[in-house]
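Quick note: residue numbers are just sequence positions, from 1. Please read these numbers as outputs of a predicted model, since none were measured by experiment.
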Amino acid sequence: MVFDVDGTLVDSERDGHRVAFNQAFDDFELPYRWDEDVYGRLLRVTGGQRRIDGYLAEHGVPEVERARLAPALHRHKTDILKRMVADGVIGPRPGVARLLAELAGRGCRLAVATTGSRGWVDPLLERVLPGVSFEVVVTGDEVAGRKPDPEVFVVVLERLGTPAGRTVVVEDSHEGLTAAKAAGLATVVVTNGYTADHDLTAADLVLDGFGDPGHPARVVTDRRGTGCAGVLDGDVLERLTG
Ligand code: XBP
Ligand code: MG
């Protein structure tokens, strides 16, 4: 089972990354600030450095200046986010720890495919999901193409040595869904505040949360007829393999 990080395992964008980007702008004495709505629009560009570069371009910053500023801002933002992770600002989404514990108990092989930077991804997985062993973790630092490019999922499959048909992905966004589908993977989308309005028609199953026994999430679409009753568990995921 392959999991996305931002927006999936953790609801990290609005109160994590966005806050870190704004702190970086402030520390660089730049006038830019991303409020929740602006950030929702900018999130359609995956990869923090690309997101900064695109925004600076929109604001007329010359390419030469952007080539210097975007990497420097992104490095600083990553350091800020690492501190936020260490301070426990970012936690797992409800139902994630239950699902991962169940899958590990079943002997399922777990992997991560994220656009995010290794610098904060590894400490976040250790801090937020202690004891969960992800056999393969591929980050944006290891691939040239960012979601919706399928490269990160292709690399995960290569490293796991498993066929796409036997693997299911859990994502949160249209960009992640598109990348997983392009890699030939069955995909469950668990939406969040930023992705509930995304085009998710290609998804095999869409929920608005992971759910827990007694607290089911809403099943938005169930294209493959898994019969999911609002709790994403090993049985539901198993029905999507093969
Ligand atoms: C979503 C992304 C990431 C983060 C920012 O990643 O697009 O780039 O928003 O992280 P995911 P970086 O694939 O996990 O949903 O600044 O490290 O890029
Ligand atoms: Mg995501």
Side-chain angles (χ1 to χ4, degrees), residues 1-13 16-17 20 43-53 71 74-75 77-79 81-82 85 90 92-93 96-97 99-100 103-104 107-190 192 195 198 202-204 210 232 237 240-241:
M1 303 298 169
V2 183
F3 289 86
D4 169 51
V5 175
D6 292 303
T8 303
L9 292 177
V10 290
D11 209 349
S12 50
E13 295 290 4
H17 292 288
L43 264 180
R44 306 313 297 261
V45 174
T46 58
Q49 185 174 318
R50 292 188 329 145
R51 198 169 299 142
I52 294 170
D53 185 74
H74 190 246
R75 274 193 301 278
K77 172 259 169 182
T78 301
D79 290 342
L81 192 80
K82 281 163 70 172
V85 167
I90 299 172
R93 290 184 71 180
V96 164
L99 174 60
L100 293 173
L103 293 175
C108 285
R109 304 171 72 195
L110 303 177
V112 158
T114 176
T115 306
S117 311
R118 173 80 59 185
W120 63 262
V121 169
D122 286 346
L124 178 132
L125 294 175
E126 278 156 33
R127 179 82 168 71
V128 168
L129 297 164
V132 176
S133 124
F134 292 101
E135 197 175 321
V136 169
V137 175
V138 180
T139 74
D141 297 356
E142 286 98 51
V143 294
R146 298 284 196 285
K147 299 171 185 177
D149 184 298
E151 187 182 351
V152 68
F153 290 110
V154 172
V155 173
V156 165
L157 288 173
E158 281 165 6
R159 294 191 185 164
L160 283 173
T162 52
R166 294 287 311 146
T167 309
V168 181
V169 168
V170 182
E171 260 285 354
D172 74 305
S173 69
H174 172 77
E175 289 72 27
L177 167 63
T178 304
K181 282 292 170 183
L185 293 155
T187 307
V188 176
V189 174
V190 179
N192 54 57
T195 66
H198 282 197
D204 297 286
F210 285 85
L232 187 58
L237 291 170
L240 290 171
T241 58

If you measure from [atom1] on [X] to [atom2] on [Y], what distance do you get to the nearest 0.5 Å?
X      : Y      : atom1 : atom2 : value
Arg166 : Thr241 : CZ    : OG1   : 4.5 Å
Leu177 : Asp4   : CG    : CG    : 11.0 Å
Leu99  : Leu237 : CG    : CG    : 6.0 Å

Partner set under side-chain contact (heavy atoms from CB on, under 4.5 Å) for [X], not counting sequence neighbours:
X      : result
Ser173 : Glu171, Glu175, Thr195, His198
Val10  : Val5, Ser12, Ile90, Leu124, Val128
Ala179 : Lys147, Phe153

Between [X] and [Y], is any pair of side-chain heavy atoms under 4.5 Å apart?
X      : Y      : value
Phe3   : Leu103 : yes
Arg44  : His174 : yes
Val168 : Val2   : no

> Among all residues two or more places apart in sequence or in another chain, which pass the side-chain hydrogen bond (donor to acceptor under 3.5 Å, both in side chains) test with Thr187?
Replying inline: none
Is the side chain of [X] donor-acceptor paired with the backbone N or O of [Y] at a distance under 3.5 Å, no angle test?
X      : Y      : answer
Glu13  : Gly7   : no
Arg50  : Val45  : no
Asp204 : Ala186 : no

Nearest atoms (heavy-atom pairs only) where [X] meets [Y]:
X      : Y      : value
Thr46  : Arg51  : CA-NH2, 3.7 Å
Val156 : Ala111 : CG1-CB, 3.8 Å
Glu151 : Ala144 : OE1-N, 3.1 Å
Gly119 : Asp141 : N-OD2, 4.3 Å
Leu129 : Pro92  : CD2-CB, 4.2 Å
Ala164 : Gly184 : CB-O, 3.5 Å

>> Enumerate the ring pair (Phe, Tyr, Trp, His ring centres under 6.0 Å) contacts for residues 113-142, please, sequence neighbours excluded, ordered by first and then second residue.
In response: His17-Trp120
> So which pairs with a foot in residues 116-138 pass salt bridge (charged side-chain N to carboxylate O under 4.0 Å, His left out), sequence neighbours left out?
Replying inline: Arg109-Glu135, Arg118-Asp122, Arg118-Glu142
>> Consider side chain to side chain donor-acceptor pair (under 3.5 Å). Of Asp11, Asp172, Asp6, which one does Asn192 pass it with?
In response: Asp172
